[in-house]
J.: 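Please read through the structure below; I'll follow up with questions.
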Amino acid sequence: IIFKQNRILLFKPKFRHTLEKGDEAKRLDFCLEMGNRVLNDVGFHKRILFSDESTSSTNGVVSSRHCRCYKITKLDELPLSYRTRMFFQQDGCPAHHAVTVRNWLNSEFNEHWIGRDGPILWPPRSPDLTILDFYLWGRLKQIVYREPLENDEEQLKTRIQNAVKSLSIEEIRNSFNESRALIEICAEKGGALFE
C-alpha cells in the first residue's frame, strides 16, 4: 500500500540465476575472449547487436496473465554494410537454438555472432553480461510506467516506442561502456556471479 500511495512502481522482478557446474569456467572463457577482442579492436563491444525480449503489461506487474513480449530489433532493416561489421548476440533461449536458426545466423552474419554453439560461445545463465538485462529493460520500464497506464495494449505499445525514442545517444554509449566494464569484473571474479 505504501508503494501505491507514493506512486512507486515495482516493475522489474529479480530472478537469481544459479550457475551450474562448469558455468563459471564458460563465463570466464567468454570474458577473456571478449577482453582479447576489445584489446585488438577498441570499439568491438560497440558493434554488438544484443537480442532479447522483455515482458511488459498494462498494469506494470509481470505475471503469466495479460502480458506481451516485444522485440525492438528488426534485423532486415539494418543496412548490409552495418551487418557485415557487427556481431549479433543471440540470447540463450532454447527456442532460438535450432540448427536452422544457427545456420541462418552463420549465413546472415558471416559467422559474426555470439550464442550457444556460435563462433563466439555465449555462456549459459549469463543475462548479467548483456546490456539489455542490466540496463535497457529496467530503464525503459522506468519511463513507460512513470505515469499510470490504462488497461490498453495500444497505449502500452506507444509508450514503449516513445521510451525507446527518448533515450539519448550518450546514455546508450555509456551503457555499452558499462557492458565492457561488467565483462572485466566477471573476469576478475573468475566467472562467478556478481552484483
J.: Quick one: does L121's side chain get under 4.5 Å of F30's, heavy atoms only?
T.: no
J.: Which value, rounded to the nearest 0.5 Å, describes the distance between L136 atom CG and T130 atom OG1?
T.: 9.0 Å
J.: Does any N or O in the side chain of S107 come within less than 3.5 Å of the main-chain N or O of N103, such that one atom is a donor and the other an acceptor?
T.: no
J.: Could you measure the distance from the CE atom of M34 to the CG atom of D29? Nearest 0.5 Å is fine.
T.: 13.5 Å
J.: Is there a side-chain contact between L167 and L140, using heavy atoms and a 4.5 Å cut-off?
T.: yes
J.: How long is the gap from CD1 on I160 to NZ on K165, to the nearest 0.5 Å?
T.: 12.5 Å
J.: Taking the side chain as every heavy atom from C-beta outward, state whether W122 and L129 have any pair of such atoms under 4.5 Å apart.
T.: yes
J.: Between P123 and L28, is any pair of side-chain heavy atoms under 4.5 Å apart?
T.: no
J.: Look at R27 together with E24 and state whether they make a salt bridge at an N to O cut-off of under 4.0 Å.
T.: no
J.: Got a second to check how far Q89's CD is from L105's CG, nearest 0.5 Å?
T.: 10.5 Å
J.: Quick one: does E108's side chain get under 4.5 Å of F88's, heavy atoms only?
T.: no
J.: Suppose we screen for side-chain contact (heavy atoms from CB on, under 4.5 Å). Which residues come up paired with T100, at least two apart in sequence or across chains?
T.: A98
J.: Could you grab the distance from atom CD of E111 to atom CD1 of I120, nearest 0.5 Å is fine?
T.: 11.0 Å
J.: Please report, to 0.1 Å, the donor-acceptor pairs under 3.5 Å made by any side chain of residues 176-186, with sequence neighbours excluded.
T.:
| from | atom 1 | to | atom 2 | distance (Å) |
| --- | --- | --- | --- | --- |
| N177 | OD1 | H45 | NE2 | 3.4 |
| S179 | OG | F176 | O | 2.6 |

J.: Just so I know, are the side chains of W113 and R102 near enough to count as touching, which here means a heavy-atom distance under 4.5 Å?
T.: yes
J.: So which heavy atom on I143 is nearest to which on A163, and how close?
T.: CG2-CB, 3.7 Å
J.: Using every non-hydrogen atom in the two residues, find where P124 and D23 come nearest and quote the distance to one decimal.
T.: CG-OD1, 3.3 Å
J.: Decide yes or no on side chain to side chain contact (heavy atoms under 4.5 Å, CB included) for R159 and R146, but give the supporting numbers first.
T.: CA-CA 10 Å; R159 285 220 192 152; R146 190 174 290 150; over 6 Å; no
J.: If we only count heavy atoms from C-beta on, is the S126 to D128 side-chain gap below 4.5 Å?
T.: yes
J.: If you look at every heavy atom in L49 and M86, which pair is closest and at what distance?
T.: CB-CE, 3.0 Å
J.: Measuring from S175:OG to E170:CD, what's the distance to the nearest 0.5 Å?
T.: 10.5 Å
J.: Hey, any chance F87 and L39 share a hydrophobic cluster, counting ILVMFWY side chains that come within less than 4.5 Å of each other, even indirectly?
T.: no
J.: Do I48 and I131 come within less than 4.5 Å of each other through their side chains, counting heavy atoms only?
T.: no
J.: D41: what forms a side-chain contact (heavy atoms from CB on, under 4.5 Å) with it, not counting sequence neighbours?
T.: F44, R47
